[in-house]
Amino acid sequence: MKLKRKLTSTVAVAAMSLGLVVVAAAPSSAGVVERLCTNGGLVIGVSTSRLVRTIEDVNCGTVYVRARYGHVGGTSWTSWTWHADMVTQANLPSVDRGEHRATYRTTFTSTP
Amino acid sequence: MTRTIRAWAQLVAGAAGCALLISACQPATEGTWVDLYGADIAQDFKNFEADAPMSDEQVAELADGKVTEAEVNTAFERYRSCLRAEGYELSGVHRNGPFISFGIPGPAVESGVDAVCYASEYVGVDAVWQVLENADAGDRRNFLSECVQQFDIDLTGASAPATMEEMELGIKEAGYSLDDCPTVP
(Lines give C-alpha, C1' and ligand atoms only; values in the text may rest on other atoms or scores of the structure.)
Protein backbone atom coordinates (compact mmCIF):
# COMPACT_ATOMS: atom_id res chain seq x y z
CA MET A 1 0.00 0.00 0.00
CA LYS A 2 2.79 2.36 0.90
CA LEU A 3 4.53 1.68 -2.36
CA LYS A 4 1.34 2.14 -4.33
CA ARG A 5 0.68 5.47 -2.66
CA LYS A 6 4.21 6.50 -3.33
CA LEU A 7 3.97 5.47 -6.96
CA THR A 8 0.74 7.31 -7.50
CA SER A 9 2.17 10.44 -5.95
CA THR A 10 5.40 10.08 -7.84
CA VAL A 11 3.72 9.59 -11.17
CA ALA A 12 1.58 12.62 -10.40
CA VAL A 13 4.73 14.63 -9.75
CA ALA A 14 6.24 13.29 -12.95
CA ALA A 15 3.10 14.19 -14.81
CA MET A 16 3.07 17.70 -13.42
CA SER A 17 6.69 18.12 -14.35
CA LEU A 18 5.87 17.13 -17.91
CA GLY A 19 2.65 19.05 -18.12
CA LEU A 20 0.87 15.80 -18.84
CA VAL A 21 -1.96 13.83 -17.36
CA VAL A 22 -0.57 10.37 -16.76
CA VAL A 23 -2.30 7.35 -15.31
CA ALA A 24 0.06 4.56 -14.31
CA ALA A 25 -1.77 1.93 -16.31
CA ALA A 26 -2.19 4.10 -19.40
CA PRO A 27 -0.06 3.69 -22.51
CA SER A 28 3.27 5.45 -22.35
CA SER A 29 3.41 9.13 -23.21
CA ALA A 30 6.34 11.02 -24.65
CA GLY A 31 8.92 11.30 -21.89
CA VAL A 32 7.33 8.54 -19.81
CA VAL A 33 8.16 4.91 -20.52
CA GLU A 34 6.83 1.87 -18.65
CA ARG A 35 8.56 -1.51 -18.76
CA LEU A 36 7.73 -4.83 -17.14
CA CYS A 37 10.35 -6.41 -14.94
CA THR A 38 11.33 -10.05 -15.33
CA ASN A 39 9.63 -11.01 -12.08
CA GLY A 40 6.33 -9.32 -12.75
CA GLY A 41 7.00 -5.82 -11.48
CA LEU A 42 6.80 -2.54 -13.32
CA VAL A 43 9.38 0.17 -13.70
CA ILE A 44 8.78 3.65 -15.07
CA GLY A 45 11.32 5.91 -16.74
CA VAL A 46 10.74 9.64 -17.05
CA SER A 47 12.75 12.26 -18.86
CA THR A 48 12.37 15.95 -19.57
CA SER A 49 14.95 18.32 -20.94
CA ARG A 50 16.00 19.08 -17.34
CA LEU A 51 15.35 15.89 -15.39
CA VAL A 52 15.51 12.09 -15.51
CA ARG A 53 13.83 9.73 -13.09
CA THR A 54 13.36 5.98 -12.61
CA ILE A 55 10.51 4.74 -10.43
CA GLU A 56 10.04 1.20 -9.24
CA ASP A 57 6.50 -0.06 -8.78
CA VAL A 58 7.13 -3.39 -7.05
CA ASN A 59 9.43 -6.36 -7.59
CA CYS A 60 11.96 -4.63 -9.78
CA GLY A 61 14.71 -4.39 -7.17
CA THR A 62 17.03 -1.41 -7.04
CA VAL A 63 16.69 1.25 -9.72
CA TYR A 64 19.26 3.44 -11.43
CA VAL A 65 19.17 6.40 -13.77
CA ARG A 66 21.50 8.50 -15.84
CA ALA A 67 21.10 11.08 -18.58
CA ARG A 68 22.77 12.05 -21.81
CA TYR A 69 23.04 15.79 -22.31
CA GLY A 70 24.46 18.07 -24.93
CA HIS A 71 27.07 20.77 -24.49
CA VAL A 72 29.47 22.81 -26.59
CA GLY A 73 32.00 20.01 -26.76
CA GLY A 74 29.54 17.26 -27.72
CA THR A 75 27.57 14.96 -25.44
CA SER A 76 28.18 13.58 -21.99
CA TRP A 77 26.43 11.22 -19.62
CA THR A 78 25.79 11.73 -15.95
CA SER A 79 27.04 9.08 -13.56
CA TRP A 80 24.64 6.34 -12.50
CA THR A 81 22.51 7.27 -9.52
CA TRP A 82 21.09 4.34 -7.55
CA HIS A 83 18.30 3.98 -5.04
CA ALA A 84 16.14 1.24 -3.58
CA ASP A 85 12.87 2.36 -5.21
CA MET A 86 13.04 5.74 -6.95
CA VAL A 87 15.80 8.00 -8.17
CA THR A 88 15.89 11.45 -9.76
CA GLN A 89 18.56 13.66 -11.27
CA ALA A 90 17.44 17.30 -11.46
CA ASN A 91 18.85 20.53 -12.94
CA LEU A 92 20.33 18.86 -15.98
CA PRO A 93 21.22 20.80 -19.13
CA SER A 94 19.67 19.83 -22.48
CA VAL A 95 18.82 16.17 -21.79
CA ASP A 96 18.24 14.23 -24.98
CA ARG A 97 18.04 10.75 -23.50
CA GLY A 98 17.36 9.14 -20.15
CA GLU A 99 18.73 5.69 -19.44
CA HIS A 100 16.92 3.58 -16.87
CA ARG A 101 17.70 0.24 -15.34
CA ALA A 102 16.55 -1.96 -12.49
CA THR A 103 17.77 -5.15 -10.90
CA TYR A 104 15.16 -7.16 -12.78
CA ARG A 105 14.90 -5.04 -15.89
CA THR A 106 17.62 -4.46 -18.45
CA THR A 107 18.46 -0.96 -19.58
CA PHE A 108 15.79 1.00 -21.43
CA THR A 109 15.70 4.57 -22.63
CA SER A 110 13.31 7.48 -22.58
CA THR A 111 13.41 10.69 -24.55
CA PRO A 112 12.03 14.06 -23.46
CA MET B 1 27.94 -11.43 12.22
CA THR B 2 27.85 -15.20 11.69
CA ARG B 3 26.62 -14.62 8.17
CA THR B 4 29.52 -12.28 7.50
CA ILE B 5 32.06 -14.74 8.86
CA ARG B 6 30.60 -17.54 6.74
CA ALA B 7 30.67 -15.36 3.65
CA TRP B 8 34.24 -14.32 4.35
CA ALA B 9 35.23 -17.96 4.78
CA GLN B 10 33.66 -18.74 1.42
CA LEU B 11 35.59 -15.91 -0.13
CA VAL B 12 38.89 -17.04 1.34
CA ALA B 13 38.20 -20.57 0.14
CA GLY B 14 37.44 -19.19 -3.29
CA ALA B 15 40.64 -17.18 -3.31
CA ALA B 16 42.59 -20.30 -2.36
CA GLY B 17 40.97 -22.06 -5.26
CA CYS B 18 42.04 -19.22 -7.51
CA ALA B 19 45.62 -19.66 -6.45
CA LEU B 20 45.51 -23.31 -7.36
CA LEU B 21 43.61 -22.96 -10.60
CA ILE B 22 43.95 -19.47 -12.00
CA SER B 23 42.07 -20.13 -15.21
CA ALA B 24 38.94 -21.11 -13.31
CA CYS B 25 39.19 -18.25 -10.86
CA GLN B 26 35.86 -17.13 -9.50
CA PRO B 27 36.83 -14.97 -6.51
CA ALA B 28 33.32 -14.65 -5.08
CA THR B 29 30.21 -16.66 -5.61
CA GLU B 30 26.75 -15.29 -6.13
CA GLY B 31 25.77 -16.88 -2.84
CA THR B 32 28.46 -14.91 -1.08
CA TRP B 33 27.09 -11.63 -2.35
CA VAL B 34 23.55 -12.60 -1.37
CA ASP B 35 24.71 -13.29 2.16
CA LEU B 36 26.62 -10.03 2.34
CA TYR B 37 24.34 -7.60 0.54
CA GLY B 38 20.98 -9.24 -0.14
CA ALA B 39 19.43 -10.74 -3.25
CA ASP B 40 18.83 -7.54 -5.19
CA ILE B 41 22.33 -6.13 -4.96
CA ALA B 42 23.78 -9.59 -5.62
CA GLN B 43 21.67 -9.76 -8.77
CA ASP B 44 22.90 -6.29 -9.75
CA PHE B 45 26.47 -7.53 -9.44
CA LYS B 46 25.61 -10.49 -11.64
CA ASN B 47 23.95 -8.27 -14.23
CA PHE B 48 27.02 -6.09 -14.58
CA GLU B 49 29.26 -9.13 -15.00
CA ALA B 50 27.98 -9.21 -18.56
CA ASP B 51 30.08 -6.09 -19.15
CA ALA B 52 33.17 -7.25 -17.23
CA PRO B 53 34.03 -9.29 -14.16
CA MET B 54 34.92 -7.37 -11.03
CA SER B 55 38.61 -6.76 -10.53
CA ASP B 56 40.31 -8.47 -7.63
CA GLU B 57 40.65 -5.08 -5.95
CA GLN B 58 36.93 -4.43 -6.13
CA VAL B 59 36.11 -7.91 -4.85
CA ALA B 60 38.44 -7.32 -1.91
CA GLU B 61 36.75 -4.01 -1.13
CA LEU B 62 33.37 -5.73 -1.01
CA ALA B 63 34.44 -8.89 0.76
CA ASP B 64 33.85 -7.73 4.33
CA GLY B 65 30.20 -6.88 3.80
CA LYS B 66 30.59 -3.11 4.01
CA VAL B 67 32.05 -0.26 2.00
CA THR B 68 33.91 2.72 3.45
CA GLU B 69 34.35 6.17 1.97
CA ALA B 70 38.06 5.46 1.51
CA GLU B 71 37.17 2.36 -0.53
CA VAL B 72 34.74 4.40 -2.61
CA ASN B 73 37.44 6.94 -3.38
CA THR B 74 39.93 4.23 -4.29
CA ALA B 75 37.48 2.37 -6.51
CA PHE B 76 36.42 5.59 -8.21
CA GLU B 77 40.03 6.47 -8.98
CA ARG B 78 40.58 3.03 -10.51
CA TYR B 79 37.51 3.57 -12.67
CA ARG B 80 38.76 6.99 -13.72
CA SER B 81 42.21 5.57 -14.51
CA CYS B 82 40.64 2.78 -16.53
CA LEU B 83 38.82 5.33 -18.70
CA ARG B 84 41.90 7.52 -18.92
CA ALA B 85 43.94 4.59 -20.19
CA GLU B 86 41.54 4.40 -23.12
CA GLY B 87 41.73 8.13 -23.79
CA TYR B 88 38.62 9.34 -21.96
CA GLU B 89 38.56 11.93 -19.19
CA LEU B 90 35.72 12.42 -16.73
CA SER B 91 34.48 15.99 -16.34
CA GLY B 92 32.96 17.97 -13.49
CA VAL B 93 33.93 15.54 -10.76
CA HIS B 94 32.43 16.83 -7.53
CA ARG B 95 31.01 15.77 -4.20
CA ASN B 96 27.29 15.59 -3.61
CA GLY B 97 26.94 14.83 0.07
CA PRO B 98 28.54 11.40 0.47
CA PHE B 99 28.28 10.70 -3.26
CA ILE B 100 30.57 11.44 -6.21
CA SER B 101 29.00 12.98 -9.31
CA PHE B 102 30.71 13.42 -12.66
CA GLY B 103 30.23 13.61 -16.40
CA ILE B 104 31.26 10.81 -18.74
CA PRO B 105 32.21 11.63 -22.35
CA GLY B 106 29.56 10.38 -24.77
CA PRO B 107 32.04 8.39 -26.85
CA ALA B 108 33.23 6.53 -23.73
CA VAL B 109 29.71 5.23 -23.20
CA GLU B 110 28.92 4.57 -26.83
CA SER B 111 32.18 2.66 -27.38
CA GLY B 112 31.43 0.37 -24.44
CA VAL B 113 34.59 1.36 -22.59
CA ASP B 114 32.67 3.01 -19.77
CA ALA B 115 30.59 -0.11 -19.20
CA VAL B 116 33.72 -2.27 -18.91
CA CYS B 117 35.54 0.14 -16.60
CA TYR B 118 32.50 0.71 -14.40
CA ALA B 119 31.77 -3.00 -14.03
CA SER B 120 35.37 -3.94 -13.44
CA GLU B 121 36.40 -1.25 -10.98
CA TYR B 122 33.50 0.58 -9.42
CA VAL B 123 29.96 -0.72 -9.84
CA GLY B 124 29.69 -2.92 -6.76
CA VAL B 125 31.29 -0.40 -4.44
CA ASP B 126 29.15 2.38 -5.94
CA ALA B 127 25.94 0.39 -5.58
CA VAL B 128 26.52 -0.59 -1.98
CA TRP B 129 27.59 2.94 -1.09
CA GLN B 130 24.54 4.55 -2.67
CA VAL B 131 21.83 2.02 -1.87
CA LEU B 132 22.88 0.48 1.43
CA GLU B 133 25.49 2.58 3.22
CA ASN B 134 23.84 5.94 2.47
CA ALA B 135 20.16 5.14 2.03
CA ASP B 136 19.15 8.18 4.09
CA ALA B 137 21.24 10.53 1.97
CA GLY B 138 19.70 8.97 -1.13
CA ASP B 139 16.24 9.63 0.28
CA ARG B 140 17.18 13.23 0.92
CA ARG B 141 18.61 13.60 -2.58
CA ASN B 142 15.26 12.43 -3.97
CA PHE B 143 13.30 14.69 -1.65
CA LEU B 144 15.24 17.78 -2.68
CA SER B 145 15.14 16.85 -6.39
CA GLU B 146 11.37 16.52 -6.25
CA CYS B 147 11.05 19.83 -4.46
CA VAL B 148 13.21 21.66 -7.00
CA GLN B 149 11.15 20.18 -9.79
CA GLN B 150 7.82 20.82 -8.09
CA PHE B 151 8.51 24.51 -7.58
CA ASP B 152 10.44 24.90 -10.85
CA ILE B 153 13.33 26.46 -8.99
CA ASP B 154 16.00 28.13 -11.06
CA LEU B 155 19.39 26.63 -10.23
CA THR B 156 21.42 28.47 -12.85
CA GLY B 157 25.07 28.04 -12.10
CA ALA B 158 24.58 24.91 -10.02
CA SER B 159 26.12 21.54 -10.83
CA ALA B 160 24.43 19.16 -13.22
CA PRO B 161 22.77 17.34 -11.59
CA ALA B 162 22.49 19.81 -8.73
CA THR B 163 24.03 18.79 -5.43
CA MET B 164 21.92 18.46 -2.31
CA GLU B 165 23.52 21.58 -0.87
CA GLU B 166 22.77 23.58 -4.04
CA MET B 167 19.17 22.36 -4.13
CA GLU B 168 18.55 23.19 -0.47
CA LEU B 169 20.03 26.66 -0.92
CA GLY B 170 18.01 27.23 -4.11
CA ILE B 171 14.79 26.24 -2.37
CA LYS B 172 15.42 28.68 0.45
CA GLU B 173 16.51 31.50 -1.86
CA ALA B 174 13.29 31.04 -3.82
CA GLY B 175 11.38 31.80 -0.64
CA TYR B 176 10.29 28.27 0.24
CA SER B 177 10.85 26.25 3.36
CA LEU B 178 11.74 22.59 3.17
CA ASP B 179 8.42 22.06 4.95
CA ASP B 180 6.73 23.28 1.78
CA CYS B 181 8.27 20.47 -0.28
CA PRO B 182 6.20 17.44 -1.36
CA THR B 183 6.71 14.50 0.95
CA VAL B 184 7.35 11.84 -1.70
CA PRO B 185 8.93 9.46 -1.58
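In what follows, chains are A, B, ... by sequence order, proteins preceding strands, each numbered from 1.
- When the side chains of ILVMFWY residues are joined at heavy-atom separations under 4.5 Å, either directly or via intervening members, M167(B) and F151(B) end up in a single hydrophobic cluster.
- Of the atoms belonging to F48(B), heavy atoms from both backbone and side chain fall under 4.5 Å from chain A.
- Side-chain atoms of N91(A) and S159(B) include no donor-acceptor pair closer than 3.5 Å.
- Ranked by heavy-atom pairs under 4.5 Å with chain B, the list T103(A), V52(A), T81(A), T88(A) is led by T103(A).
- Only the side chain of E110(B) comes within less than 4.5 Å of a heavy atom of chain A; its backbone N, CA, C and O stay farther away.
- If you chain together hydrophobic residues whose side chains sit under 4.5 Å apart, W129(B) and F102(B) fall into the same group.
- Considering CH2 of W82(A) and CD1 of I41(B), their distance stands at 6.0 Å, rounded to 0.5 Å.
- Remark: R53(A) CZ to S145(B) OG distance equals 8.0 Å, nearest 0.5 Å.
- Proximity to chain A (any heavy atom under 4.5 Å) is restricted, for A135(B), to the backbone atoms N, CA, C and O.
- Interatomic distance, CZ of R105(A) versus CG of N47(B), reported as 12.0 Å (0.5 Å rounding).
- To the nearest 0.5 Å, atoms OG (S79(A)) and OH (Y79(B)) are separated by 7.5 Å.
- Judged by distance alone, the side chain of Q130(B) and the main-chain N or O of W80(A) form a donor-acceptor pair under 3.5 Å.
- Only the side chain of Y118(B) comes within less than 4.5 Å of a heavy atom in chain A; its backbone stays farther off.
- Note: the hydrophobic cluster containing M164(B) also contains L155(B) (ILVMFWY, side chain heavy atoms under 4.5 Å, direct or indirect links).
- In the hydrophobic clustering of ILVMFWY residues, with side-chain heavy atoms under 4.5 Å counting as a link, V123(B) and V59(B) come out together.
- Checking side-chain atoms of N142(B) against main-chain N and O of M86(A) turns up a donor-acceptor pair under 3.5 Å.
- There is no contact between T106(A) and chain B, counting heavy-atom distances below 4.5 Å.
- Side-chain contact between P161(B) and T78(A) is present, with heavy atoms from C-beta onward closer than 4.5 Å.
- With hydrophobic clusters built from ILVMFWY side chains whose heavy atoms lie under 4.5 angstrom apart, V32(A) shares a cluster with I55(A).
- Taken to the nearest 0.5 Å, the CG atom of N134(B) stands 10.5 Å off from the NE2 atom of H83(A).
- Under the 4.0 Å criterion applied to side-chain N and carboxylate O atoms, R66(A) and D114(B) are assigned as salt-bridge partners.
- Considering only heavy-atom pairs separated by less than 4.5 Å from chain A, the leading option among D44(B), I100(B), V131(B) is D44(B).
- Shown here is E165(B), whose CD atom has no more than 12 heavy atoms of other residues, nucleotides or ligands within 6.0 Å.
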